[in-house]
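A short write-up of the structure that comes next.
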Protein chains: 2
Amino acid sequence: MKNTNENVNQKVKLDDVANEAGVSKTTVSRVLNNRGYISEKTRKKVNEAMELLNYHPNEIARSLFINKTFIIGLIFPTTNNPFYGQLIFHLENISEALGYKVLLCNSEGREDKEKSYLEMLQRHQVDGIIAGSHNRGILEYDNPQLPLVGIDRYLSENTPVVSSDNYDGGKKATQLLIDKGCKKIIHINGSPSLETPANLRREAYEDVMKENEYYPQSYVIGENVIETIFNENPNIDGIFASDDLIASSVMKEAKRRNINIPADLKVIGYDGSEITRMLLPELSTIQQPVKEIADLAVQLLLKQINGETESKIEWKLPVKLIESETT
Amino acid sequence: MKNTNENVNQKVKLDDVANEAGVSKTTVSRVLNNRGYISEKTRKKVNEAMELLNYHPNEIARSLFINKTFIIGLIFPTTNNPFYGQLIFHLENISEALGYKVLLCNSEGREDKEKSYLEMLQRHQVDGIIAGSHNRGILEYDNPQLPLVGIDRYLSENTPVVSSDNYDGGKKATQLLIDKGCKKIIHINGSPSLETPANLRREAYEDVMKENEYYPQSYVIGENVIETIFNENPNIDGIFASDDLIASSVMKEAKRRNINIPADLKVIGYDGSEITRMLLPELSTIQQPVKEIADLAVQLLLKQINGETESKIEWKLPVKLIESETT
DNA sequence: TTGTAGGCGTTATCAC
DNA sequence: GTGATAACGCCTACAA
């Protein structure tokens with residue numbers, strides 16, 4: 001049964017183009033991929049047929065044959081966050097410019113979701129994965145030869161990690177508060193049990209505090225933590241929050257308590273993403289080089305995909321102190 | 001040549017599992033898809049073999065055969081924006097829950113990028129597309145039978161559009177300013193040449209102004225527009241911005257000019273996304289039901305994908321007025 | 001209950 | 001220059 005014209009809903013394929021142009025599939029494929037010798041006349045005929053039939057090559061069939069999809073998996077907690085939103089934007093952008101598409105996965109920081117996403121991405125034959133939300137160990141578990149790059153997260157012993165220079169950032173932030181005269185400075189961060197480079201922010205804070213003979217005190221973010229901090233430390237005069245969203249919560253609570261910023265309390269955050277700078281320009285912060293991080297991550301992934309070797313594992317990109325009105 | 005253990009780099013396939021279990025590919029496929037009759041013994045054997053070899057079915061090959069990818073294309077200006085970041089988060093989330101993956105495309109509002117993304121998505125055989133950034137007409141141009149849903153954008157005569165009730169939102173915002181005693185109210189919005197449902201925000205503003213015998217005056221966002229507004233309208237006392245980011249710029253400029261909000265100038269925005277509420281809680285705004293929009297959009301797309309019909313084209317979801325400190 | 005054979009749309013090899 | 005033909009990894013008649 002020839003169903004060439006009967007079933008309108010059928011997608012047009014190489015064969016249809018070949019029939020229309022009166023040549024073989026091979027020839028059409030040649031025109032499509034610019035391979036081998038083809039006479040101008042047939043090339044033109046084929047192009048016209050493709051135009052006429054509005055032909056779109058089936059990338060799935062192609063992927064199956066060449067064993068490559070040009071798809072990169074992106075696993076991050078959520079796009080609903082100024083930092084990740086910006087990072088993912090750049091990751092997609094750069095990938096697209098290099099001919100790769102991007103499969104988006106919002107893990108919400110949940111291990112089970114991350115695991116099932118990882119499985120899904122492998123089934124879909126992605127060429128590689130960039131992940132920014134993880135507990136050490138899970139991703140490599142299955143398939144050590146899947147190209148992989150972490151952003152601000154250790155994924156395995158020898159998976160490249162790209163991050164901002166967290167130690168330097170933590171140092172700059174703490175030092176600024178001290179320089180501005182703060183004596184009772186508190187640090188708020190995410191869970192330290194997650195082994196991430198971001199822990200270096202806290203380490204730097206502690207080191208700088210000790211160097212200056214102050215007592216370092218860190219709180220882990222969670223329910224009512226900010227209220228607790230204010231209640232337990234009436235004489236607090238400086239807060240270094242490990243991200244800008246936390247810093248903004250601190251500012252809100254301070255306002256509620258009629259604590260004047262920066263007169264009575266100085267606050268500095270971390271990230272400095274575009275949206276935060278736009279909506280909360282008064283917040284001092286340590287700005288991460290988001291675009292550069294994305295650039296490098298994609299580059300390192302493509303190197304792995306292309307089988308090139310790269311022995312450097314940890315990549316730290318310079319941060320920038322932005323002094324605004326809260327310090 | 002048996003290459004079971006020789007070539008470690010090769011992906012393991014159905015055949016390998018079959019060999020390992022001592023059955024045929026068919027049987028393995030049956031176990032995989034729970035089809036037909038299979039004895040418990042073989043099922044167990046096969047499962048063990050899959051486990052042993054760490055087998056991941058090749059979804060590309062499967063897609064080619066069943067002519068379906070379970071991938072949805074998402075075309076939006078950027079994830080680097082509180083509203084789109086949140087919307088895309090939900091779109092991905094819901095899709096994932098329904099067994100679909102998501103291919104992310106940041107169009108940056110550029111027609112050329114959108115066009116090439118559309119082409120790419122078709123080549124990749126996506127099952128459907130949800131787009132939120134568009135100039136009328138382009139998407140349907142090529143392939144009218146590709147399932148398609150617009151969010152806040154008309155894509156073609158009979159493509160479903162999901163949006164917040166923009167007219168009601170514009171009305172609520174304008175009415176609030178009037179109720180609060182504003183007499184010289186200005187509206188700032190995106191380009192009205194883009195035929196989008198969001199234009200209804202401006203229309204509502206104009207209608208309400210006229211009803212109250214005030215003179216409506218709209219500015220289109222662009223370079224230095226906000227400064228211009230303040231310069232040209234020294235007696236301005238109310239601004240309705242068509243999104244919260246614009247509203248925040250207005251607030252910044254007002255601060256620079258020592259104009260007191262809300263005493264001398266009242267400001268209301270539009271969107272009310274989570275990040276904005278968090279970073280700029282003092283801004284009054286019209287909140288869109290982002291999750292509900294995403295829910296409905298995915299649902300409408302899946303209906304199309306499954307061949308179900310739905311004659312309703314325009315879907316408007318209720319907005320919520322959030323009164324805060326700027327009004 | 002299980003196996004064999006053919007095809008999904010493409011590309012590459014080898015003839016002509 | 002161009003055309004058969006055999007893969008790529010999987011699924012589903014149909015046969016056994």
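It should be emphasised that the depicted structure is a prediction, and the values quoted were computed from it without experimental measurement. All heavy atoms count here, side chains included; hydrogens, waters and symmetry mates do not. Every chain is numbered from 1, with letters handed out A, B, ... down the list of sequences.
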dC10(D) phosphate, OP1 or OP2, under 4.0 Å from S63(B) side-chain N/O: no

Minimum-distance nucleotide to L14(A) side chain [options: dT11(C), dC11(D), dA13(D)]: dT11(C)

S29(B) vs dC11(D): side-chain N/O to OP1/OP2 distance below 4.0 Å: yes

Flag, side chain of S163(B) to backbone of D152(B), donor-acceptor distance under 3.5 Å: no

d(NZ, K41(B); C1', dT2(C)) in whole Å: 13 Å

Residues E48(B), K45(B): salt bridge by 4.0 Å N-O rule: no

Residue met sooner reading DNA chain C from 5', once T42(B) and A61(B) are mapped to nucleotides: T42(B)

Touch class at under 4.0 angstrom, heavy-atom based, for N67(A) against every strand present: nothing

dG9(C) OP1/OP2 closer than 4.0 Å to side-chain N/O of Y55(A): no

Separation of atom CG in D15(A) from atom C1' in dC8(C), rounded to whole Å: 12 Å

Nearest-Å distance for atom pair CZ/P, residues R62(A) and dG9(D): 16 Å

Distance, rounded to the nearest Å, where N33(A) contributes CG and dT13(C) contributes C1': 15 Å

Rounded distance in Å - NZ (K13(B)) to P (dG9(D)): 4 Å

Between dT10(C) (C1') and K11(A) (NZ): distance, integer Å: 15 Å

Proximity to the side chain of T26(B) - top-ranked nucleotide from dC10(D), dT12(D), dT10(C): dT12(D)

NZ/NE/NH1/NH2 to OD/OE distance under 4.0 Å, R123(B) and E119(B): yes

Euclidean distance, atom NZ of residue K68(A) to atom P of dT10(C) [Å, nearest integer]: 20 Å

Ionic contact status for K115(A) with E111(A), cut-off 4.0 Å: no

Given dG9(C), dT11(C), dT1(C), the nucleotide with the shortest approach to the side chain of Y37(B): dT1(C)

Sugar-phosphate only, base, or nothing, as touched by I38(B) at under 4.0 Å among non-hydrogen atoms: sugar-phosphate

Atom-to-atom span, CG of L64(A) to C1' of dT10(C) - whole angstrom: 8 Å

Touch class at under 4.0 angstrom, heavy-atom based, for R35(A) against every strand present: sugar-phosphate

Shortest side-chain distance from V23(A), nucleotide among dT12(D), dG3(D), dC11(D): dG3(D)

Backbone N/O of I60(A) and side chain of N58(A): donor-acceptor pair under 3.5 Å: yes

Any donor-acceptor N/O pair, K25(A) side chain to A18(A) backbone, under 3.5 Å: no

Minimum-distance nucleotide to K25(B) side chain [options: dA12(C), dC11(D), dG9(C)]: dC11(D)

Under 4.0 angstrom between N58(A) side-chain N/O and dC8(C) OP1 or OP2: no

Touch class at under 4.0 angstrom, heavy-atom based, for T27(A) against every strand present: sugar-phosphate

Options dA13(D), dT10(C), dC14(C), nucleotide nearest the side-chain atoms of R30(B): dA13(D)

